[in-house]
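Just below is one structure, and these are the notes that go with it.
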Protein chains: 2
Amino acid sequence: MQRLVLKELPRYECLVEAAKQFPDLNPSVCEAFMHLIRAGDEVSRVMDAHFADHDITHGRFLMMMLLIEKKGTACARPSTPAELADLASVSRATITGLLDTLERDGFVRREPGTDDRRQMSVHLTPEGQAFMHGLLPEHFRLVNDLMGNLSEHERATLAKLLTKISTKAVACGVARRQETSAAELPATIHI
Amino acid sequence: MQRLVLKELPRYECLVEAAKQFPDLNPSVCEAFMHLIRAGDEVSRVMDAHFADHDITHGRFLMMMLLIEKKGTACARPSTPAELADLASVSRATITGLLDTLERDGFVRREPGTDDRRQMSVHLTPEGQAFMHGLLPEHFRLVNDLMGNLSEHERATLAKLLTKISTKAVACGVARRQETSAAELPATIHI
DNA sequence: TGTTTTTAGTAAGGTGGCTAACTATTTCTC
DNA sequence: GAGAAATAGTTAGCCACCTTACTAAAAACA
């Protein structure tokens, strides 16, 4: 499902106009920011359309990607709902909902855990595995196509710049949580 | 509302491993792609958290941004639900839902159109206008902060690279629609 | 042993989509 | 001018993907 975004980015001159009204608005910063939002949205739409061709959604795809059997041992594979929730940064309740639909469609199988009876162990079924093997070649070709206008060097530059932004975004999140925690201290602490 | 994304991107060596299984997978392409998805998601989360502080959501914010009074005449302002829907590339039904909640909260006012009795004219109320004027300074400062690790030159580079990707994504969408249209022609046409 | 924490899942609610159908109005065609 | 077609906004129903609060059971801790 898509977030609302503008079909067209505002013209630069509109940003400059708006900056007269809102002095904190830096037109070139805003422009770059909006390019990021837009590009992210548009590639997501392309991927989602491909998923829809196969009657699957982004969320379910990600679950199956996490569960897919991997050759070699370099990359761990989660197996409990809590592990999936942690990797995807969502609540267990969300995972339950996703797994419910995947189980309903025969793509995953849940079994009680062996060590801990509270736990469930989650696996792709052979059907789920086959489904992913059928989907992924074209998925990766689509990714290649989307990035096809960028040289290897440009892709590396892009990754570097985006990492700078992500780092900043994460820092905003951390600073925000500290701010929130401080606000929640009883007033008497400040004596 | 966020889409499911991985908390951590897979390590490059995991991509290389996976490429052995899926030959279409190009590790460096995939890596850049995932950086885009992640960065987009993370900045969205930061913005959404700020919106939540003011009891508003991304979709409602965008509606109000489109409706906000603008000094000068360089930038048109939409005024009907259909115009909003067109600018945001969603259905009129979706706009109805968003406007319902904004009207409920006193931020927008709907009036019958003057020229065409099918239409509604939509405006920010003074309360809505004041709300946005209260929110936007910090919003723009947040944007500046998020992009703060990038120089002016880097921002221009980023915008250029992202535009290349957006262009490709849009082309994928166009190609897809042509493909779909061709598939829908009656079989007899091919004689 | 008793208390606290953890696990998966349920219930309830929200956001932001969609489609199809509807009603009223406007535009188009003959 | 009459009727058909298109348009505008809304309604109803559905979906995906969240959240929090809660439950029962199990595990960990003191």
Side-chain angles (χ1 to χ4, degrees), chain A residues 1-7 41 44-45 47-49 51-52 54-64 78-86 88-105 107-123, chain B residues 1-7 41 44-45 47-49 51-52 54-64 66 78-105 108-122:
Chain A
M1 166 181 11
Q2 307 309 315
R3 289 159 66 91
L4 236 47
V5 295
L6 295 181
K7 188 198 294 185
D41 175 74
S44 295
R45 281 174 195 265
M47 305 319 293
D48 286 351
F51 295 149
H54 293 81
D55 294 311
I56 198 165
T57 60
H58 168 81
R60 286 151 56 85
F61 170 79
L62 190 65
M63 285 298 106
M64 290 209 277
S79 64
T80 70
E83 283 170 345
L84 290 167
D86 187 48
S89 299
V90 292
S91 69
R92 287 167 292 138
T94 298
I95 299 298
T96 296
L98 281 169
L99 292 180
D100 282 350
T101 66
L102 288 169
E103 197 173 31
R104 177 200 70 198
D105 294 340
F107 292 141
V108 308
R109 184 185 76 241
R110 284 191 268 209
E111 298 166 346
T114 46
D115 298 337
D116 180 338
R117 282 191 293 163
R118 297 170 301 181
Q119 289 189 335
M120 285 288 186
S121 180
V122 186
H123 302 272
Chain B
M1 164 178 10
Q2 306 308 316
R3 291 157 63 91
L4 238 43
V5 294
L6 294 180
K7 189 198 291 185
D41 176 72
S44 295
R45 281 175 195 266
M47 306 319 292
D48 286 351
F51 295 149
H54 294 81
D55 294 313
I56 198 164
T57 59
H58 167 80
R60 288 151 54 87
F61 170 79
L62 189 65
M63 285 298 107
M64 290 209 279
L66 287 173
S79 65
T80 68
E83 283 170 344
L84 290 167
D86 186 48
L87 288 175
S89 300
V90 293
S91 70
R92 288 169 290 142
T94 299
I95 298 298
T96 296
L98 281 170
L99 293 180
D100 282 349
T101 67
L102 287 170
E103 197 174 32
R104 175 199 72 197
D105 294 341
V108 309
R109 184 184 75 245
R110 285 190 270 209
E111 297 164 347
T114 45
D115 297 338
D116 181 338
R117 281 191 292 163
R118 296 173 297 182
Q119 291 190 332
M120 286 286 186
S121 179
V122 186

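Only this structure's heavy atoms are used, side chains among them; waters, hydrogens and symmetry mates stay out. Every chain is numbered from 1, with letters handed out A, B, ... down the list of sequences.
- Remark: C1' of C:dG9 and CD1 of A:Ile95 are 13 Å apart, rounded to the nearest angstrom.
- Closest to the side chain of A:Asp116, out of D:dA26, D:dT11, C:dG17, is D:dA26.
- When distances run from any side-chain atom of A:Arg118 to the nucleotides C:dG9, C:dG16, C:dT6, the shortest one goes to C:dT6.
- The side chain of A:Ala93 has D:dT20 as its nearest neighbour among C:dG16, D:dT20, D:dG9.
- Here the nucleotide nearest the side chain of B:Arg92, chosen from D:dC18, C:dG16, D:dA8, is D:dA8.
- A:Thr80 comes within contact range of the sugar-phosphate backbone alone, with a heavy-atom separation under 4.0 Å but no base atom that close.
- Using a 4.0 Å cut-off, some side-chain N or O of B:Thr57 falls inside it from OP1 or OP2 of C:dG16.
- Here the side chain of B:Gln119 is nearest to one of D:dC17, D:dA8, D:dT10, namely D:dA8.
- Across the protein-nucleic acid pair, B:Leu99 atom CG and D:dT11 atom C1' stand 15 Å apart, rounded to whole Å.
- Side-chain contact between B:Phe51 and B:Thr57 is absent, with no heavy atoms from C-beta onward closer than 4.5 Å.
- Of the two residues contacting DNA chain C, namely B:Leu98 and A:Asp100, the nearest-nucleotide position lying further toward the 5' end is that of A:Asp100.
- For B:Ser91, whose side chain is taken as the heavy atoms from C-beta onward, the closest listed nucleotide among D:dT10, C:dA8, C:dT19 is C:dT19.
- The listed nucleotides are D:dC17, C:dG9, D:dT11; the one nearest the side chain of A:Thr96 is C:dG9.
- A:Thr94 has no side-chain polar atom (N or O) that falls below the 4.0 Å cut-off from OP1 or OP2 of D:dC18.
- With 3.5 Å as the limit, one finds no donor-acceptor pair spanning the side chains of A:Ser121 and A:Arg110.
- When side chains are defined from C-beta on, B:Leu84 does not count as touching B:Arg92, because their heavy atoms never get closer than 4.5 Å.
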